[in-house]
J.: 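Mind having a look at this structure? Questions to follow.
Numbers here simply count residues along the sequence, with the first being 1.
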Amino acid sequence: QVQLVESGGGLVQAGGSLRLSCAASGGIFSTYAMGWFRQAPGQEREFVASISWTGDRIYYADSVKGRFTISRDNARNTALQMASLKPEDTAVYYCAAHRGIVPGRAVYEYDKWGQGTQVTVSS
């Protein structure tokens with residue numbers, strides 16, 4: 001069973017950058033598609049980005065396209081590089097995994113979740 005631990009969250013000013021990391025343990029990491037989701041207070045968890053286990057399929061939410069970059073090294077690490085951050089990017093960010101060829105964009109497609117890391121963007 002894959003277990004996920006996120007790190008790298010924090011407080012940043014608008015326009016700044018942060019890099020989130022997700023470390024996986026257990027299971028055969030290379031066969032899992034990985035995703036990042038976020039949840040702001042009072043809102044539903046929403047898709048941010050996902051990447052296939054081969055790294056050749058990558059998807060982004062429209063709201064982060066051109067600002068965020070997802071990557072994986074298959075040494076059990078997945079990263080989300082965030083640039084040009086906006087106050088509306090403030091949320092708890094979750095790393096997630098599922099076994100599938102196509103990296104999912106819906107919460108229900110993922111069955112492994114990390115505990116989340118807080119990202120706060122001040123204006």
J.: Under the side-chain contact (heavy atoms from CB on, under 4.5 Å) criterion, do Thr120 and Val12 qualify, and how do the steps go?
T.: CA-CA 6 Å; Thr120 303; Val12 64; over 6 Å; no
J.: With clusters defined by side-chain heavy atoms of hydrophobic residues (ILVMFWY) lying less than 4.5 Å apart, directly or transitively, does Val5 cluster with Met34?
T.: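 Result: no, two separate clusters.
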J.: Between Arg38 and Ser63, is there a side-chain heavy-atom distance shorter than 4.5 Å?
T.: yes
J.: Check Lys86 with Asp89, please: is the shortest side-chain N to carboxylate O separation under 4.0 Å?
T.: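 No.
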J.: For residues 100-123, which residue pairs qualify under ring pair (Phe, Tyr, Trp, His ring centres under 6.0 Å), counting only residues two or more places apart or in two chains?
T.: Phe37-Tyr110, Phe37-Trp113, His98-Tyr110
J.: In sequence, state the C-alpha distance, the side-chain angles, and the governing distance for Arg72 and Asn77, and then conclude on side-chain contact (heavy atoms from CB on, under 4.5 Å).
T.: CA-CA 6 Å; Arg72 65 186 296 170; Asn77 299 303; over 6 Å; no
J.: Does anything in residues 17-26 form a side-chain hydrogen bond (donor to acceptor under 3.5 Å, both in side chains)? List the pairs, not counting sequence neighbours.
T.: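 Every pair satisfying side-chain hydrogen bond (donor to acceptor under 3.5 Å, both in side chains) with a residue in residues 17-26: Arg19-Gln81.
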J.: Checking Arg45 against Tyr94: charged group under 6.0 Å from the ring centre and within 45 degrees of the axis?
T.: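 The answer is yes; both the distance and angle limits are met.
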J.: According to a hydrophobic-cluster definition based on side-chain heavy atoms being under 4.5 Å apart (Ile, Leu, Val, Met, Phe, Trp, Tyr only), do Tyr60 and Val121 belong together?
T.: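 Same hydrophobic cluster.
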J.: For the residue pair Tyr59 and Arg105, confirm or rule out a side-chain donor-acceptor distance under 3.5 Å.
T.: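 Per modelled atom types, Tyr59 and Arg105 side chains form no pair under 3.5 Å.
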J.: Find out whether Leu85 and Phe68 are in side-chain contact, i.e. whether some heavy atom of one side chain is under 4.5 Å from a heavy atom of the other.
T.: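 Side chain of Leu85 against side chain of Phe68, heavy atoms only: contact under 4.5 Å found.
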J.: Using side-chain contact (heavy atoms from CB on, under 4.5 Å), reason through Val119 and Leu20 one step at a time and then give a plain yes or no.
T.: CA-CA 9 Å; Val119 171; Leu20 304 184; 4.0 Å; yes
J.: Considering non-hydrogen atoms only, spot the tightest contact between Leu80 and Ala49 and give its length.
T.: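 Shortest heavy-atom separation between Leu80 and Ala49 comes out as CD1-CB, 4.2 Å.
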J.: Using the side-chain contact (heavy atoms from CB on, under 4.5 Å) rule, take Gln115 and Leu4 through it: C-alpha gap first, then chi angles, then the decisive distance, then the call.
T.: CA-CA 8 Å; Gln115 83 289 349; Leu4 306 173; over 6 Å; no
J.: Please list all pairs meeting disulfide bond (SG atoms under 2.5 Å apart) that have one or both residues in residues 16-60, counting only residues at least two apart or in different chains.
T.: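 Disulfide bond (SG atoms under 2.5 Å apart) check on residues 16-60 returns Cys22-Cys95.
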J.: Would Trp53 and Val102 show up in the same hydrophobic cluster when neighbours are defined by side-chain heavy atoms closer than 4.5 Å?
T.: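 Cluster IDs for Trp53 and Val102 differ.
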